[in-house]
Engineer: 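Got a structure here, written out as C-alpha coordinates. Questions coming.
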Amino acid sequence: MTGVAHSRSGMAALWYGFSVGPAAWAAHIVGDAALVRYACNDPSMHWWLHGLTVITGVPTVIGLAICLRVARSIPAPEDAPSPEGRTRFLAVVGAYIAGISLALVLLEGAYVFFISDCA
(Lines give C-alpha, C1' and ligand atoms only; values in the text may rest on other atoms or scores of the structure.)
Protein backbone atom coordinates (compact mmCIF):
# COMPACT_ATOMS: atom_id res chain seq x y z
CA MET A 1 0.00 0.00 0.00
CA THR A 2 2.81 2.43 0.77
CA GLY A 3 4.45 1.79 -2.58
CA VAL A 4 1.25 2.72 -4.39
CA ALA A 5 0.82 5.86 -2.29
CA HIS A 6 4.43 6.81 -2.90
CA SER A 7 4.08 6.35 -6.65
CA ARG A 8 0.87 8.41 -6.68
CA SER A 9 2.53 11.27 -4.82
CA GLY A 10 5.50 10.99 -7.15
CA MET A 11 3.21 11.18 -10.17
CA ALA A 12 1.41 14.19 -8.68
CA ALA A 13 4.77 15.92 -8.27
CA LEU A 14 5.71 14.99 -11.83
CA TRP A 15 2.43 16.37 -13.19
CA TYR A 16 3.06 19.55 -11.20
CA GLY A 17 6.48 19.83 -12.84
CA PHE A 18 4.96 19.09 -16.22
CA SER A 19 2.15 21.64 -16.05
CA VAL A 20 3.40 24.51 -13.88
CA GLY A 21 5.60 26.02 -16.61
CA PRO A 22 2.88 26.82 -19.15
CA ALA A 23 0.52 27.99 -16.41
CA ALA A 24 3.17 30.30 -14.91
CA TRP A 25 4.10 31.63 -18.33
CA ALA A 26 0.45 32.37 -19.13
CA ALA A 27 0.00 34.13 -15.77
CA HIS A 28 3.17 36.13 -16.42
CA ILE A 29 2.22 37.33 -19.88
CA VAL A 30 -1.33 38.24 -18.82
CA GLY A 31 -0.07 39.96 -15.67
CA ASP A 32 2.56 41.92 -17.59
CA ALA A 33 -0.02 43.00 -20.13
CA ALA A 34 -2.31 44.17 -17.34
CA LEU A 35 0.40 46.07 -15.44
CA VAL A 36 2.41 47.64 -18.25
CA ARG A 37 0.18 50.68 -18.65
CA TYR A 38 0.42 51.36 -14.91
CA ALA A 39 4.20 51.03 -15.16
CA CYS A 40 4.22 53.64 -17.93
CA ASN A 41 2.34 56.10 -15.75
CA ASP A 42 4.13 55.39 -12.47
CA PRO A 43 7.82 54.35 -12.50
CA SER A 44 7.50 52.70 -9.09
CA MET A 45 5.26 50.08 -10.71
CA HIS A 46 8.32 48.58 -12.39
CA TRP A 47 8.95 46.68 -9.15
CA TRP A 48 5.57 44.99 -9.53
CA LEU A 49 6.64 43.74 -12.94
CA HIS A 50 9.91 42.42 -11.49
CA GLY A 51 7.97 40.79 -8.67
CA LEU A 52 5.64 39.10 -11.13
CA THR A 53 8.64 37.67 -12.94
CA VAL A 54 10.01 36.25 -9.69
CA ILE A 55 6.61 34.96 -8.55
CA THR A 56 6.10 33.06 -11.81
CA GLY A 57 9.73 32.06 -12.31
CA VAL A 58 10.26 30.32 -8.98
CA PRO A 59 7.49 27.70 -9.40
CA THR A 60 8.73 27.05 -12.92
CA VAL A 61 12.26 26.40 -11.63
CA ILE A 62 10.82 24.06 -9.00
CA GLY A 63 8.87 22.20 -11.69
CA LEU A 64 11.99 21.94 -13.82
CA ALA A 65 13.95 20.55 -10.87
CA ILE A 66 11.24 17.98 -10.14
CA CYS A 67 11.21 16.77 -13.75
CA LEU A 68 15.00 16.57 -13.90
CA ARG A 69 15.15 14.68 -10.59
CA VAL A 70 12.58 12.14 -11.78
CA ALA A 71 14.25 11.75 -15.18
CA ARG A 72 17.64 11.10 -13.57
CA SER A 73 16.27 8.68 -10.99
CA ILE A 74 14.72 6.27 -13.52
CA PRO A 75 17.28 4.03 -15.24
CA ALA A 76 14.88 2.83 -17.97
CA PRO A 77 15.14 4.57 -21.36
CA GLU A 78 12.27 6.74 -22.59
CA ASP A 79 11.23 4.25 -25.25
CA ALA A 80 11.03 1.28 -22.87
CA PRO A 81 7.58 -0.38 -23.02
CA SER A 82 7.09 -0.13 -19.26
CA PRO A 83 5.66 2.26 -16.68
CA GLU A 84 9.21 3.37 -15.85
CA GLY A 85 9.89 4.26 -19.49
CA ARG A 86 6.63 6.16 -19.73
CA THR A 87 7.38 8.04 -16.53
CA ARG A 88 10.89 8.93 -17.71
CA PHE A 89 9.49 10.14 -21.04
CA LEU A 90 6.97 12.33 -19.22
CA ALA A 91 9.74 13.70 -17.00
CA VAL A 92 12.01 14.52 -19.95
CA VAL A 93 9.21 16.22 -21.89
CA GLY A 94 8.19 18.08 -18.71
CA ALA A 95 11.75 19.29 -18.24
CA TYR A 96 11.81 20.64 -21.80
CA ILE A 97 8.43 22.33 -21.34
CA ALA A 98 9.45 23.85 -18.00
CA GLY A 99 12.77 25.03 -19.46
CA ILE A 100 11.09 26.70 -22.41
CA SER A 101 8.48 28.26 -20.13
CA LEU A 102 11.21 29.57 -17.82
CA ALA A 103 13.05 31.08 -20.78
CA LEU A 104 9.85 32.81 -21.91
CA VAL A 105 9.14 34.18 -18.43
CA LEU A 106 12.69 35.51 -18.11
CA LEU A 107 12.73 37.00 -21.60
CA GLU A 108 9.41 38.72 -21.02
CA GLY A 109 10.65 39.96 -17.65
CA ALA A 110 13.90 41.27 -19.12
CA TYR A 111 12.24 44.01 -21.15
CA VAL A 112 11.26 45.79 -17.92
CA PHE A 113 14.92 46.80 -17.53
CA PHE A 114 14.77 48.56 -20.89
CA ILE A 115 11.47 50.44 -20.55
CA SER A 116 12.31 54.12 -20.38
CA ASP A 117 9.36 55.89 -21.97
CA CYS A 118 6.00 54.62 -23.03
CA ALA A 119 4.56 55.96 -26.22
Side-chain angles (χ1 to χ4, degrees):
M1 184 75 175
T2 59
V4 172
H6 178 67
S7 68
R8 285 184 183 165
S9 67
M11 285 303 291
L14 182 59
W15 275 106
Y16 169 82
F18 189 84
S19 61
V20 71
W25 170 69
H28 186 264
I29 196 166
V30 170
D32 270 355
L35 294 175
V36 73
R37 177 54 65 193
Y38 295 113
C40 287
N41 295 334
D42 184 9
S44 67
M45 286 295 292
H46 285 259
W47 292 108
W48 285 97
L49 295 171
H50 292 303
L52 183 62
T53 300
V54 171
I55 288 170
T56 55
V58 169
T60 307
V61 169
I62 292 170
L64 177 61
I66 288 170
C67 288
L68 289 175
R69 181 180 51 91
V70 170
R72 290 181 182 156
S73 69
I74 298 175
E78 294 92 7
D79 59 350
S82 66
E84 292 84 15
R86 183 180 59 236
T87 303
R88 181 175 168 88
F89 176 76
L90 184 63
V92 169
V93 170
Y96 279 120
I97 289 173
I100 291 168
S101 298
L102 180 64
L104 289 170
V105 166
L106 294 177
L107 285 172
E108 289 167 0
Y111 82 89
V112 177
F113 290 109
F114 304 108
I115 294 176
S116 60
D117 262 351
C118 295

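Keep in mind that the numbers below use all heavy atoms, side chains included, and drop hydrogens, waters and symmetry copies.
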Engineer: Work out which heavy atom in P59 is nearest to a heavy atom in Y16; give both atom names and the distance.
Structural biologist: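 Where P59 meets Y16 most closely, the heavy atoms are CB-OH, 3.5 Å.
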
Engineer: Verify the cluster assignment for W15 and V93: are they in a single hydrophobic cluster under the rule of side-chain heavy atoms below 4.5 Å apart?
Structural biologist: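 W15 and V93: one cluster.
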
Engineer: If hydrophobic clusters are built by linking Ile, Leu, Val, Met, Phe, Trp and Tyr wherever their side-chain heavy atoms come under 4.5 Å apart, do Y96 and L68 end up in the same one?
Structural biologist: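 No, no single cluster joins them.
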
Engineer: Is V54 linked to I62 within one hydrophobic cluster, defined over Ile, Leu, Val, Met, Phe, Trp and Tyr using a side-chain heavy-atom separation of less than 4.5 Å?
Structural biologist: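 Both belong to a single hydrophobic cluster.
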
Engineer: Identify the two heavy atoms, one from T56 and one from A24, that lie closest to each other, and give their separation to 0.1 Å.
Structural biologist: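 Where T56 meets A24 most closely, the heavy atoms are O-CB, 3.4 Å.
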
Engineer: When the aromatic ring centroids of H28 and W25 are compared, is their separation below 6.0 Å?
Structural biologist: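 Ring-ring flag for H28/W25: false, centres at least 6.0 Å apart.
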
Engineer: What are the two closest non-hydrogen atoms of C67 and G17, and how far apart are they?
Structural biologist: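 Heavy atoms only, the tightest pair is SG-C, 3.5 Å.
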
Engineer: Minimum heavy-atom separation for A91 to A71, with atom names?
Structural biologist: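 Looking at all heavy atoms of both residues, the shortest contact is CB-N, 3.7 Å.
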
Engineer: If Ile, Leu, Val, Met, Phe, Trp and Tyr residues are connected whenever their side-chain heavy atoms lie under 4.5 Å apart, and connections chain through other members, are V70 and L90 in the same group?
Structural biologist: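 Same cluster.
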
Engineer: How long is the gap from CG on L102 to CD1 on I97, to the nearest 0.5 Å?
Structural biologist: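 These two atoms lie 13.5 Å from each other.
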
Engineer: To the nearest 0.5 Å, how far apart are CD1 in I100 and OG1 in T60?
Structural biologist: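 OG1 of T60 is found 12.5 Å from CD1 of I100.
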
Engineer: So, for P22 and S101, which heavy atoms are closest and what is the spacing to 0.1 Å?
Structural biologist: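 Smallest heavy-atom distance, with atoms named: N-OG, 3.4 Å.
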
Engineer: Check for me, please, whether F18 and L14 land in the same ILVMFWY cluster - side-chain distances under 4.5 Å, paths through other members count.
Structural biologist: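 As far as the 4.5 Å side-chain criterion goes, L14 and F18 are connected within one cluster.
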
Engineer: What distance separates W48 CH2 from I55 CD1, expressed to the nearest 0.5 Å?
Structural biologist: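 That separation rounds to 8.0 Å.
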
